[in-house]
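Please read the structure below before turning to the comments.
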Amino acid sequence: SDNTESYLEIWEDESRPDTSRLEALDKEIQILFKNANFDSALHFAKIQLDFAEAKNINNHIVLAINNLGIIKQKQGDYKKAIDYYQQGLSIVKELGNKNDIALQLNKIGTVYRILGKYNEALNYYQKSLLIQNELDNKVDIANLLNNIGYMHEMLDNYTDALKYYEECLSIMQKSGSKLGVANSMNNIGYIHEVLDNYDDALAYYEKALKIMQEIGNKHGIAASLNNIGIYYDHLGDYEKALDYYQKSLEITKEIGDKRGIASLMINIGFLYSDLNQQTKGIELCEKGLKMAEESGLIIWQKNACECLYESYKANNNWKRALEYLELKTKLLDSLSENESENQLIEFEFERRILHDSIANEKEKREIEVAHQKEIRKRNNTKNIALGTGILVFLIAIGLWSRLRYTRKAKKTIEKEKDRSENLLLNILPEEIAEELKVKGKASARNYEQVSILFTDFKGFTAAASTLSPEDLVEEINICFKAFDHIMEKYNIEKIKTIGDAYMAAGGLPVPTQDSVRNTVLAAIEMQEFIIARGKQQAESNKPYFEMRSGIHTGPVVAGIVGVKKFQYDIWGDTVNTASRMESNGAVGKVNISQTTYELLKNDSDFIFENRGKIEAKGKGEMEMWFVKKAFK
């Protein structure tokens with residue numbers, strides 16, 4: 001552009017005063033910042049520093065060092081950024097300008113904040129605040145109070161955070177900054193929401209919204225409407241939440257905020273899913289996912305996949321559900337600690353660079369005033385600065401809501417990842433689930449040695465007749481939950497339950513050497529639980545169950561059946577034989593086949609009782625054994 005060329009021409013004109021040339025070079029660097037051309041900005045910032053040091057112009061040395069720090073901060077080299085800011089701090093301390101010292105401390109605190117080192121950040125912010133209080137710089141004091149409040153918030157010190165946010169609000173109210181007041185009210189509302197003070201939270205959100213509407217700040221109006229929508233969403237008042245989300249979305253579309261549009265579409269998609277309107281939820285979340293992909297925001301892509309997974313699962317479309325679960329898992333894996341920080345940094349940096357630009361403009365204005373005759377008269381400097389400050393706050397308020405949304409997401413990433421994995425593993429074995437996600441199907445497999453375990457409650461119909469339907473289901477649930485824990489303990493795969501029957505298998509989907517032994521141990525422990533539970537129920541004069549269990553070991557075929565609701569199942573004569581072991585067993589006993597006995601007969605941890613040959617339906621006479629643990 002013409003401006004860019006003129007700044008470079010001034011810099012290259014050696015007949016001009018050194019400060020004028022440096023000033024022009026700094027203008028060029030600011031344009032490169034704006035255009036995100038950081039490599040070129042780095043090149044010129046190094047030239048700026050070398051020249052300023054050669055000419056011993058301290059103000060420009062600090063300016064160049066800070067430019068280098070900002071570039072390294074944007075590039076993710078935070079250690080180097082802190083080193084540059086510390087160098088600048090040493091120089092301004094020597095010069096003795098307290099305001100510059102406070103601003104430099106604030107910069108260092110900001111980098112520590114981005115790194116998640118909140119205690120270190122808090123230390124630098126508090127040092128900066130002490131100086132600004134001494135200088136009575138109200139705007140800078142308010143900014144630092146806000147930053148310190150945020151640090152306490154991230155450290156879960158919500159009471160302290162609220163105190164600092166309220167102090168910030170007080171200054172904003174006295175200064176007459178309506179935008180600053182609204183921003184502070186949104187912060188305070190969020191803390192009240194975290195502290196479960198929902199009435200207070202809503203009151204502050206609504207006050208912030210009213211102010212935004214009075215001053216016509218569309219970014220702020222959209223952010224406040226979104227905050228209130230999230231509030232009602234959390235309370236389960238979906239009708240009101242939807243109303244506020246849609247109003248926010250309408251304004252966000254009007255101002256062309258693609259990131260905000262993606263976020264709101266996903267929020268509304270989740271809400272429709274909660275209302276069992278999966279078709280609408282899927283439509284919105286797919287649009288939100290596309291926009292999040294276009295903007296490169298991994299956290300929102302992850303949230304969209306979560307929405308689509310839940311919606312397709314509710315529609316029993318397991319293939320599509322697993323596709324989005326796979327994508328979500330990949331996104332979660334990509335959100336390593338450093339990468340998730342980078343997502344936050346994108347917001348943090350924009351927010352901080354805007355504020356820091358006020359300080360930079362202040363420094364540059366002072367230089368411009370000092371050298372008016374050398375460059376040109378700038379009589380409207382104050383008006384420009386005022387306009388810049390207003391623009392900064394307008395953009396910052398729009399970023400703030402998304403920053404909060406992002407940091408909320410960061411705190412729950414690990415929790416959501418664990419939850420998703422557990423949901424999938426409740427449906428299918430891990431290895432089978434992985435194959436299904438990759439191929440869209442899972443092939444049936446042959447297993448040479450699997451121990452099949454069946455259990456069944458004796459006299460279930462009679463016991464059930466004495467219980468209410470609710471009590472019957474509750475009692476079965478208590479027993480089956482205990483069985484599930486036992487399966488997990490011994491690494492046995494639960495296959496299914498049919499009424500009061502429970503079926504499991506040891507040795508699949510991954511065969512192990514101790515699978516036969518573990519299956520028998522699991523069966524014994526299941527019997528021990530049922531016996532103990534029966535005694536407990538009897539003492540309370542309540543009905544109780546008695547149980548038979550049987551095990552047989554042999555080859556099976558295992559795989560997935562169904563096209564709507566996937567089910568992992570096993571087939572083969574081994575399954576039928578194991579069922580006969582159970583039906584020909586005895587209450588409180590574990591009955592095993594001759595094959596299973598042969599595999600365990602030398603194990604000193606067990607005691608075997610030969611039952612001889614017993615007639616089994618459809619099988620003829622079969623050798624059977626009772627097994628129990630040896631007492632040592």
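These numbers come from a predicted model, not from an experiment.
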Report the distance from atom [atom1] of [X] to atom [atom2] of [Y], rounding to the nearest 0.5 Å.
X: Ile228; Y: Leu202; atom1: CD1; atom2: CG; answer: 6.0 Å
X: Ile191; Y: Asn157; atom1: CD1; atom2: CG; answer: 10.0 Å
X: Glu286; Y: Cys305; atom1: CD; atom2: SG; answer: 10.0 Å
X: Glu310; Y: Leu308; atom1: CD; atom2: CG; answer: 10.5 Å
X: Tyr165; Y: Asn186; atom1: OH; atom2: CG; answer: 11.0 Å
X: Leu25; Y: Leu8; atom1: CG; atom2: CG; answer: 7.5 Å

Requested in this report: Assess whether atom CD of Glu14 is packed by more than 12 heavy atoms of other residues, nucleotides or ligands within 6.0 Å.
Outcome: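 For Glu14, atom CD is not crowded (no more than 12 foreign heavy atoms under 6.0 Å).
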
Report task. Take atom CD of Glu250 as the centre, draw a 6.0 Å sphere, and report whether it contains more than 12 heavy atoms from other residues, nucleotides or ligands. Result -> no

Query raised in the report: Under the 3.5 angstrom rule, does the side chain of Asp13 hit a backbone N or O of Ser15 as a donor-acceptor pair?
Result: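 At least one qualifying donor-acceptor pair exists.
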
Query raised in the report: Do the side chain of Asp257 and the main chain of Gly260 share a donor and acceptor less than 3.5 angstrom apart?
Result: yes

Are [X] and [Y] close enough that some pair of their side-chain heavy atoms sits under 4.5 Å apart?
X: Leu130; Y: Glu134; answer: no
X: His60; Y: Leu63; answer: yes
X: Leu68; Y: Leu42; answer: yes
X: Ser170; Y: Lys174; answer: yes
X: Glu306; Y: Tyr324; answer: no
X: Leu209; Y: Leu225; answer: yes
X: Thr110; Y: Tyr125; answer: yes
X: Leu129; Y: Asn133; answer: yes

Query - His152 ring center within less than 6.0 Å of Tyr164 ring center - result: yes

**Report entry** Pairwise salt bridge (Lys or Arg N to Asp or Glu O under 4.0 Å) hits with a residue in residues 200-211, at least two apart
**Finding:**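 Every candidate salt bridge (Lys or Arg N to Asp or Glu O under 4.0 Å) pair involving residues 200-211 fails, so no pair, neighbours aside, qualifies.
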
**Report entry** Positive for side-chain contact (heavy atoms from CB on, under 4.5 Å) with Asn267, one of Leu284, Asn226, Leu249, Asn303
**Finding:**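 The residue from Leu284, Asn226, Leu249, Asn303 that satisfies side-chain contact (heavy atoms from CB on, under 4.5 Å) with Asn267 turns out to be Asn226.
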
Query raised in the report: Can Glu323 and Tyr309 be said to form a side chain to side chain donor-acceptor pair (under 3.5 Å), step by step?
Result: CA-CA 8 Å; Glu323 286 175 4; Tyr309 166 66; over 6 Å; no

Query raised in the report: So, Glu23 and Tyr7: side-chain donor and acceptor under 3.5 Å apart, yes or no?
Result: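 Note: Glu23 and Tyr7 side chains miss the donor-acceptor criterion.
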
Query - Any donor-acceptor N or O pair under 3.5 Å, side chains Asn37, Ser40 - result: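 Their side chains do contain a donor-acceptor pair, which is all the 3.5 Å distance test asks for.
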
Is any side-chain N of the basic residue among [X] and [Y] closer than 4.0 Å to the acidic one's carboxylate O?
X: Lys138; Y: Asp136; result: yes
X: Glu294; Y: Lys258; result: no
X: Lys240; Y: Asp243; result: no

**Report entry** side chain to side chain donor-acceptor pair (under 3.5 Å) between Ser184 and Asn187, worked out
**Finding:** CA-CA 5 Å; Ser184 297; Asn187 293 342; 5.2 Å; no

Report task. List in chain and number order the residues that pass side chain to side chain contact (heavy atoms under 4.5 Å, CB included) with Asp274, two or more places apart in sequence or in another chain; answer none if no residue qualifies. Result -> Asp233, Tyr238

Query raised in the report: Would Tyr190 and Glu153 count as a side chain to side chain contact (heavy atoms under 4.5 Å, CB included) if you check the C-alpha gap in whole Å, the side-chain angles of each, and the deciding distance to 0.1 Å?
Result: CA-CA 10 Å; Tyr190 174 73; Glu153 180 183 323; 2.9 Å; yes

Name the atoms and distances for all side-chain donor-acceptor pairs under 3.5 Å in residues 45-55, with sequence neighbours left out.
from: Gln48; atom 1: OE1; to: Asn67; atom 2: ND2; distance (Å): 3.0
from: Gln48; atom 1: NE2; to: Asp26; atom 2: OD1; distance (Å): 3.2

Report task. Please report the shortest heavy-atom distance between Gly229 and Ala241, naming the atom on each side. Result ->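 Looking at all heavy atoms of both residues, the closest pair is O-CB, 3.4 Å.
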
Query - Shortest non-hydrogen separation from Met212 to Ala182 and the atoms involved - result: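 Taking every non-hydrogen atom into account, CE-CB, 3.4 Å.
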
Query raised in the report: Could you walk me through whether Trp11 and Arg16 pass the side chain to side chain contact (heavy atoms under 4.5 Å, CB included) check?
Result: CA-CA 8 Å; Trp11 160 248; Arg16 292 176 179 271; over 6 Å; no

Requested in this report: Any chance you could lay out the side chain to side chain contact (heavy atoms under 4.5 Å, CB included) test for Ile230 and Tyr245, step after step, and finish with the verdict?
Outcome: CA-CA 8 Å; Ile230 292 172; Tyr245 281 151; 3.5 Å; yes

Query raised in the report: Passes side chain to side chain donor-acceptor pair (under 3.5 Å), Gln104 versus Asn66? Steps please.
Result: CA-CA 9 Å; Gln104 209 68 25; Asn66 282 337; 2.6 Å; yes

Query - Check against side chain to side chain contact (heavy atoms under 4.5 Å, CB included), Asn99 and Gln132 - result: CA-CA 7 Å; Asn99 187 59; Gln132 295 294 8; 3.5 Å; yes

Query - CA sep, side-chain torsions, deciding dist, call: Asp196, Tyr198, side chain to side chain donor-acceptor pair (under 3.5 Å) - result: CA-CA 5 Å; Asp196 296 334; Tyr198 295 115; 2.9 Å; yes

Query raised in the report: Which of parallel (below 30°), tilted (30 to 60°) and perpendicular (above 60°) describes Tyr124 and Tyr112?
Result: parallel

